[in-house]
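Taking it in order: structure first as structure tokens, then the write-up.
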Number of protein chains: 2
Amino acid sequence: MKYSEAKEKYIQAWGTLGSSWGVNRTMAQIHALLMISTTPLSTEELMEELKISRGNTNMNVRALMDWGLAEKVLVPGERREYFKADKNVMNIGVQVAKERKRRELDPIIKLLNDITNVDGDTAEVKEFRKVTKDLQKFATQTESVLDLFIKSNQNWFFKILGKMR
Amino acid sequence: MKYSEAKEKYIQAWGTLGSSWGVNRTMAQIHALLMISTTPLSTEELMEELKISRGNTNMNVRALMDWGLAEKVLVPGERREYFKADKNVMNIGVQVAKERKRRELDPIIKLLNDITNVDGDTAEVKEFRKVTKDLQKFATQTESVLDLFIKSNQNWFFKILGKMR
DNA sequence: ATAAACTTTCAATATTATTTGAAAGTTCAA
DNA sequence: TTGAACTTTCAAATAATATTGAAAGTTTAT
């Protein structure tokens, strides 16, 4: 396969994947580009490559930095800011897990804690308590797995899991 | 907390969570309702409870069935179709993992297999190969974990993981 | 202090996803 | 068959989300 073709497919696929994972398409594509670049890229270069506006580029680069997936690089003697991505895939996985846990799982666990304490003893309420408690248990277990993954250095996590098969 | 309040919060939260997990809001809310209902619900009842149209209800109930999260219940002597959700939270987790693996991870692994075979030996292409191979490895490891989770009966998976801490 | 080089903001616009509801389709009892 | 009771479809409307680009803001060199 030709490089240009492979690159295009890769960026396109990353964008699609991103959007089904709570990350917007452009953000994922900028990340994809930074991942395969041999040097840090400027806003100009990102705009040029992805054919997107300055504002859009700026917003999504900042979002990537918020997620801990990219950082500024200052080149001595240059005004312009450059950006580079962390290329360690395991780190990326951990970072994404960490952020999504914080943004999604934590609030749900908090909510479930609140609502399992609903008053009443009708069949309806009993069922509600049962279901929400089950969900709470599952969410808490999921949280433990994520914490384990987040804390695990390198690929210890996968190594162990690999042995479990 | 009052039941009506808890219920509302729960349905609202489930909808929000769903949308950041590749499931649309209404689909998630229908699921939430079916989960806490003591009896199967009809299209009419879902429309009424969630204040949504017939078409919307129908589409999303079918989507839930596609995902293996709900099923039709035929009540003898009734024309109307009723729907109920699988209430086993672990099953739901497995089902969602299975579907998302099929819809998202599998295609990406396939793509990565293709594009890591890019031709060329420039620094650019070498970097591309390196990054995509790393991604491939990570995706494959993730696949193994998911397969393990999907195949694991009951909560064996979490039990083992729990011991790892 | 000025202006060039750059970054950030945000109201307007475009795109994408969801929802509606009426019409078409199906099933079944009589 | 017929028609009542129900389900499904899908084009159009609406809502949600992302993008643009020009203006405002900031930084740095002189």
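Side chains are part of it too, since the values below use all heavy atoms of this structure and drop only hydrogens, waters and symmetry mates. Labels below follow one simple rule: chain letters A, B, ... track the order of the sequence lines, proteins then strands, and each chain is numbered from 1.
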- With nearest nucleotides of DNA chain C determined for B:Lys51 and A:Tyr82 from heavy-atom distances, which residue corresponds to the more 5′ nucleotide? A:Tyr82
- Qualifying residues under side-chain hydrogen bond (donor to acceptor under 3.5 Å, both in side chains), relative to A:Arg25, sequence neighbours excluded: none
- Message: Need one value for B:Arg62: base, sugar-phosphate or nothing, where a base atom within 4.0 Å counts as base even if backbone is also close, heavy atoms only.
- Response: sugar-phosphate
- Task: Answer yes or no: side-chain N or O of B:Arg54 and base N or O of C:dT20 forming a donor-acceptor pair under 3.5 Å.
- Result: no
- Query: Regarding A:Glu143 and A:Thr140, is there a side-chain donor-to-acceptor distance under 3.5 Å anywhere?
  - Reply: no
- Flag for A:Gln136-A:Asn113: side-chain donor and acceptor within less than 3.5 Å: yes
- Message: At less than 4.0 Å, is any side-chain N or O atom of B:Asn58 found next to OP1 or OP2 of D:dT7? Yes or no.
- Response: no
- Contact under 4.0 Å: A:Asn56 side-chain N or O vs D:dT20 OP1/OP2: yes
- C:dT20 P sits how many Å from B:Leu50 CG, rounded? 10 Å
- Message: Could you tell me if A:Gln12 and A:Thr16 have a donor-acceptor pair between their side chains, going purely by distance under 3.5 Å?
- Response: yes
- Would you indicate what B:Arg80 reaches in the nucleic acid, counting non-hydrogen atoms under 4.0 angstrom: base, sugar-phosphate, or nothing? sugar-phosphate
- Between atom CD in B:Glu44 and atom C1' in D:dA5, what is the gap in whole Å? 10 Å
- Would you mind reading off the distance between A:Arg25 atom CZ and D:dT20 atom C1', rounded to a whole angstrom? 14 Å
- Query: More than 12 foreign heavy atoms under 6.0 Å from CE of B:Met59: is that the case here?
  - Reply: no
- Quick one: B:Lys72 NZ to D:dC6 C1', roughly how many Å, whole number? 11 Å
- Between D:dT17 (P) and A:Met59 (CE): distance, integer Å: 13 Å
- Given D:dC6, is OP1 or OP2 found less than 4.0 Å from the side-chain N or O atoms of B:Thr43? no
- Using a 4.0 Å heavy-atom cut-off across all strands, classify B:Asn24 as base, sugar-phosphate, or nothing. sugar-phosphate
- Task: Could you tell me the separation between the CD atom of A:Glu78 and the P atom of C:dT7, rounded to a whole number of Å?
- Result: 10 Å
- Any A:Thr26 side-chain nitrogen or oxygen under 4.0 Å from OP1 or OP2 of D:dT19: yes
- Note on the structure: Atom CG of B:Leu46 and atom P of D:dT7 are separated, to the nearest Å, by 11 Å
- Task: Counting heavy atoms from C-beta on, name the nucleotide in D:dC6, D:dT9, C:dC6 closest to the side chain of B:Arg79.
- Result: D:dC6
- Length of the CE-P vector between A:Met47 and C:dA5, whole Å: 16 Å
